[in-house]
Amino acid sequence: MNSKLLTTGVALTCFLTMAAEQYTVKSPDNRLSVTVNTGKATTYSVDFDGRRILDPSPISMTFDNGTAIGRDMKVTDVIKDSHDQTIKPTIRQKSATIRDNYNRMQLKADRYDLEFRVYDDGLAYRFHTDFPDSLKVLGEEATFRFPADYDALFPEEKTMLSAQQPLFKPIKLSEISTDRFCSTPILIKADDKTRVFISESNLESYPGMFLRKQGKHELAGKYAAVSLEDYRTDDRQIFPTKRADYIAKVAGTRDFPWRAMIVTDNDANLITNQLIYKLAPESQGDYSWVKPGKIAWDWYNALILTGVDFKCGINNETYKYYIDFASRNKLEYVVIDDGWSEPWDVTKTIPEINIPELVAYGKKRNVDLILWVSWAPFREKIDEAFDKFSEWGVKGIKMDFMNRDDQEMVDFYYEVARKAGEHKMLVDFHGAYKPTGWLRTFPNVLTSEGVAGLENHKWGSFVTPEHNVTLPFTRMVAGPMDYTPGAMKNLHEKDHQINFNLPASVGTRCHQLGMYVVYESPLQMLADTPTAYEKEPECMEFLSQVPVVWDETKVISAAVGEHVVVARRNGDTWYIGGMAGKKGGSFNIPLDFIKGNRTLTIWEDGVNVDLDATDFARRSRKVKNGDTLSVKMYDGGGFAAIIK
């Protein structure tokens with residue numbers, strides 16, 4: 001074809017496309033398509049394999065300078081390009097490399113852009129503004145208008161002052177009343193196979209996105225307004241008492257958070273998806289010092305030790321015992337949880353605790369310390385506290401009770417992450433909103449809560465095996481989660497009883513062991529007491545070996561809320577973990593991913609597990625490529641295996 005004619009044809013096509021005010025961008029494999037319509041309102045719709053999964057959904061932002069971007073949008077230029085690169089994450093949460101392959105469309109207008117990225121496994125959009133002065137964001141319109149009455153796993157919240165530890169309860173969109181809302185992430189079941197996961201990434205200096213019901217099959221963004229006044233409680237908390245009429249005060253030139261959707265026709269793909277990570281900004285600086293690891297934790301088990309010759313509690317003798325236990329079992333850390341410092345001064349310890357002495361004791365045994373802090377007292381002395389912790393030789397902090405994600409709190413998260421990095425300290429956020437790409441931007445923020453985890457057994461029975469096998473497809477997709485597994489006292493759901501100081505998990509012993517392979521957390525807790533683990537040497541054989549970072553992940557079998565079986569590789573050793581929900585089942589696992597002759601050791605539900613949830617069997621055998629591992633998981637059961 002004549003090159004001049006080709007150029008004219010392309011120009012004419014672009015002109016007609018822009019005149020029609022409709023723009024389309026597709027995924028590299030062409031299965032996922034996003035269509036953007038501009039004009040009085042800017043909407044986007046999504047098709048997957050030729051089927052509409054999101055109807056035209058309005059998006060806009062309103063500022064106090066009278067501008068409403070996304071409304072009456074006049075596109076001045078359209079930029080389309082493709083990206084395909086390999087990311088080598090500092091912390092190998094799922095894999096040693098990540099393919100970052102997408103098609104991009106950027107719609108430019110006067111003083112703002114609207115950017116879409118479409119991957120084979122999801123999509124995301126964000127606004128960018130270029131105003132000369134700072135602005136107040138009065139509101140953001142982020143809608144998700146579904147074409148039918150889909151099922152949702154709805155993480156409902158009663159208040160936006162929340163630690164975001166919801167249960168993901170199934171409900172039809174039409175059954176959610178308009179006065180109800182949820183935190184994100186949320187999972188939508190569009191049909192028997194298609195899943196739509198909604199969350200956000202790169203949430204910097206901006207409030208987190210909740211979703212409220214709007215219309216019959218529609219969800220819309222809901223955001224906490226800026227706090228103007230607050231009050232301080234006796235229990236080390238600060239709560240807003242007066243809110244502004246705007247949700248954020250921002251620089252005029254900036255990128256806003258990504259609104260992200262994962263789309264897949266296979267539940268297994270949710271577990272391996274890394275969209276939230278890929279959308280986050282790359283880290284700046286050197287994080288080669290970051291050391292993931294396992295932690296002996298004290299709070300779940302109330303520091304109760306048996307068979308010792310000292311009074312256990314918040315004192316140096318108890319923590320030296322924890323350090324000795326960690327050292328014997330090759331655990332990298334011990335966390336000293338609530339109670340070690342004065343309530344409102346984290347630079348001063350109680351008389352029974354000597355942090356420098358414990359740090360020195362641990363250093364001789366290759367065990368480092370992490371200190372729990374409540375966010376409000378820590379904020380009051382943040383620089384002094386970081387300096388003091390560095391002087392003591394502490395390696396990280398576990399920060400708790402934030403329980404909100406308005407702009408002020410999000411700013412505080414970023415300040416903590418940056419300053420911790422400057423002091424070469426790790427961070428574990430508790431009482432936290434979900435991850436929004438922290439692990440990429442701040443590799444020292446290794447894990448966070450924002451999940452209804454094991455500790456809830458201390459006061460309730462609602463964290464069930466069914467909930468546990470829902471988390472890998474919901475909360476964990478957003479990023480690492482500090483569920484804090486490892487209970488050695490286990491009861492079936494029908495038998496569960498509440499005991500705050502001596503709690504028992506719901507589900508079998510091997511359900512707990514399976515979590516260490518299924519659940520991702522580069523800082524992974526061993527929640528039970530050292531003396532409980534010492535009575536279970538066969539379980540500690542597994543817990544001492546299982547790593548917390550992975551070079552490769554393969555999902556063998558997965559169904560949301562029913563079961564999950566995952567194989568992960570660290571170096572040349574494979575680990576397989578399985579968890580069952582309400583109903584167990586038999587699974588045949590082809591060992592086609594191993595090489596050469598290997599030894600397989602497996603911990604699985606015992607023959608009498610129906611009578612006692614702690615019953616398990618450990619066995620070993622030789623295996624090779626092409627063999628099949630047959631495993632039976634009991635109701636609420638699980639298994640864990642090592643192939644080396």
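Sequence positions, counted from 1, serve as the residue numbers for this chain.
Under 3.5 Å, the side chains of Gln274 and Ser95 contain a donor-acceptor pair of N or O atoms. A side-chain donor from one of His511 and Asn468 sits under 3.5 Å from a side-chain acceptor of the other. No side-chain N or O of Gln164 forms a donor-acceptor pair with one of Ser183 less than 3.5 Å apart. Counting only N and O atoms by type, the side chains of Ser33 and Asp47 include no donor and acceptor under 3.5 Å apart.
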* **Asp406 and Arg404: CA distance, side-chain angles, deciding distance, salt bridge (Lys or Arg N to Asp or Glu O under 4.0 Å) verdict** => CA-CA 6 Å; Asp406 53 18; Arg404 40 189 269 232; 3.0 Å; yes
* Show your reasoning for whether side-chain contact (heavy atoms from CB on, under 4.5 Å) applies to Arg51 and Thr194. => CA-CA 11 Å; Arg51 178 192 170 204; Thr194 307; 3.9 Å; yes
* Go through the steps to decide whether Glu282 and Arg440 satisfy the test salt bridge (Lys or Arg N to Asp or Glu O under 4.0 Å), and finish with yes or no. => CA-CA 6 Å; Glu282 189 68 67; Arg440 186 177 190 192; 2.8 Å; yes
* Verify side-chain contact (heavy atoms from CB on, under 4.5 Å) between Tyr206 and Val137, making sure each step is shown before the conclusion. => CA-CA 9 Å; Tyr206 199 80; Val137 182; 3.9 Å; yes
* To do: Evaluate the criterion salt bridge (Lys or Arg N to Asp or Glu O under 4.0 Å) for residue pair Arg104 and Glu115; output intermediate values, then yes/no.
  => CA-CA 7 Å; Arg104 187 177 76 100; Glu115 179 182 357; 3.7 Å; yes
* Quick one: do Phe181 and Leu211 satisfy side-chain contact (heavy atoms from CB on, under 4.5 Å)? Show the steps, please. => CA-CA 6 Å; Phe181 64 95; Leu211 292 173; over 6 Å; no
* Would you please test Val477 and Ser199 for side-chain contact (heavy atoms from CB on, under 4.5 Å) and show each step? => CA-CA 9 Å; Val477 182; Ser199 196; over 6 Å; no
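The distance from atom CH2 of Trp574 to atom CG of Leu591, rounded to the nearest 0.5 Å, is 10.5 Å. Between Phe146 atom CZ and Leu54 atom CG the span is 6.0 Å, to the nearest 0.5 Å. Here the straight-line distance linking atom CG of Leu523 with atom OG1 of Thr447 works out to 6.5 Å at 0.5 Å rounding. To the nearest 0.5 Å, atom CG of residue Asp627 and atom CD1 of residue Ile594 are 6.5 Å apart. Remark: Leu123 CG to Asn103 CG distance equals 12.0 Å, nearest 0.5 Å. The CD1 atom of Ile262 sits 10.0 Å away from atom CG of Asn269, with the distance rounded to the nearest 0.5 Å.
Side-chain contact between Lys278 and Tyr119: present, with at least one pair of heavy atoms (C-beta onward) separated by less than 4.5 Å. Looking at Phe639 and Ile589, their side chains come closer than 4.5 Å, going by heavy atoms from C-beta outward. Side-chain contact between Ile576 and Val565 is present, with at least one heavy-atom pair separated by less than 4.5 Å. With a 4.5 Å cut-off on side-chain heavy atoms, Tyr23 and Leu107 count as touching. In this structure the side chain of Arg126 reaches within 4.5 angstrom of the side chain of Arg117, judged on heavy atoms. A 4.5 Å side-chain heavy-atom check between Cys510 and Tyr634 finds every atom pair outside the cut-off. Here the side chains of Thr42 and Ser60 are not in contact, with every heavy-atom distance at 4.5 Å or above. The closest side-chain heavy-atom distance from Val631 to Leu629 is below 4.5 Å.
When all heavy atoms are compared, the tightest approach of Tyr413 to Gly431 is OH-O, 3.9 Å. Taking every heavy atom of both residues into account, Pro485 and Met515 meet most closely at CB-SD, 3.6 Å. Between Ala613 and Gly507, the closest heavy-atom pair is CB-O, 3.7 Å. Residues Ala142 and Tyr223 share a closest heavy-atom pair of CB-OH, 3.5 Å. When all heavy atoms are compared, the tightest approach of Leu275 to Ala260 is CD2-CB, 4.2 Å. Shown here for Asp605 and Lys632, the closest heavy-atom pair between the two residues is OD2-O, 4.3 Å.
Distance alone, capped at 3.5 Å, is enough to place a donor-acceptor pair between the Ser27 side chain and the Leu32 backbone. The backbone N or O of Ser174 sits less than 3.5 Å from a side-chain atom of Asp149, completing a donor-acceptor pair. Listed for the Gln22 side chain is no donor-acceptor partner under 3.5 Å among the backbone atoms of Asn37. Side-chain atoms of His128 do not come within 3.5 Å of backbone N or O of Lys108 as any donor-acceptor pair. For the pair Trp550 (side chain) and Arg568 (backbone), a donor-acceptor distance under 3.5 Å is absent. Checked by atom type and distance alone, the side chain of Ser521 never pairs as donor or acceptor with a backbone atom of Asp482 at under 3.5 Å. Listed for the Arg475 side chain is a donor-acceptor partner under 3.5 Å among the backbone atoms of Pro480. Side-chain N or O atoms of Thr264 include one that pairs as donor or acceptor with a backbone N or O of Asn266 at under 3.5 Å. At distances below 3.5 Å, not a single donor-acceptor pair connects side-chain atoms of His563 with backbone N or O atoms of Phe587. Looking only at distances, a side-chain donor or acceptor of Thr470 sits under 3.5 Å from a matching main-chain atom of Glu466.
Ion pairing between Asp551 and Arg92 holds under the 4.0 Å rule for side-chain N and carboxylate O. A salt bridge is defined here as a Lys NZ or Arg NE, NH1 or NH2 lying under 4.0 Å from an Asp or Glu carboxylate O, and Glu157 with Lys222 fails to meet this definition.
None of Lys216, His217, Glu218 except one satisfies the side chain to side chain contact (heavy atoms under 4.5 Å, CB included) rule with Gln214; the exception is Glu218. For the salt bridge (charged side-chain N to carboxylate O under 4.0 Å, His left out) with Glu156, the lone residue among Lys169, Arg180, Lys213 that qualifies is Arg180. Among Arg195, Lys172, Lys189, the one residue that satisfies the salt bridge (charged side-chain N to carboxylate O under 4.0 Å, His left out) test with Asp151 is Lys172.
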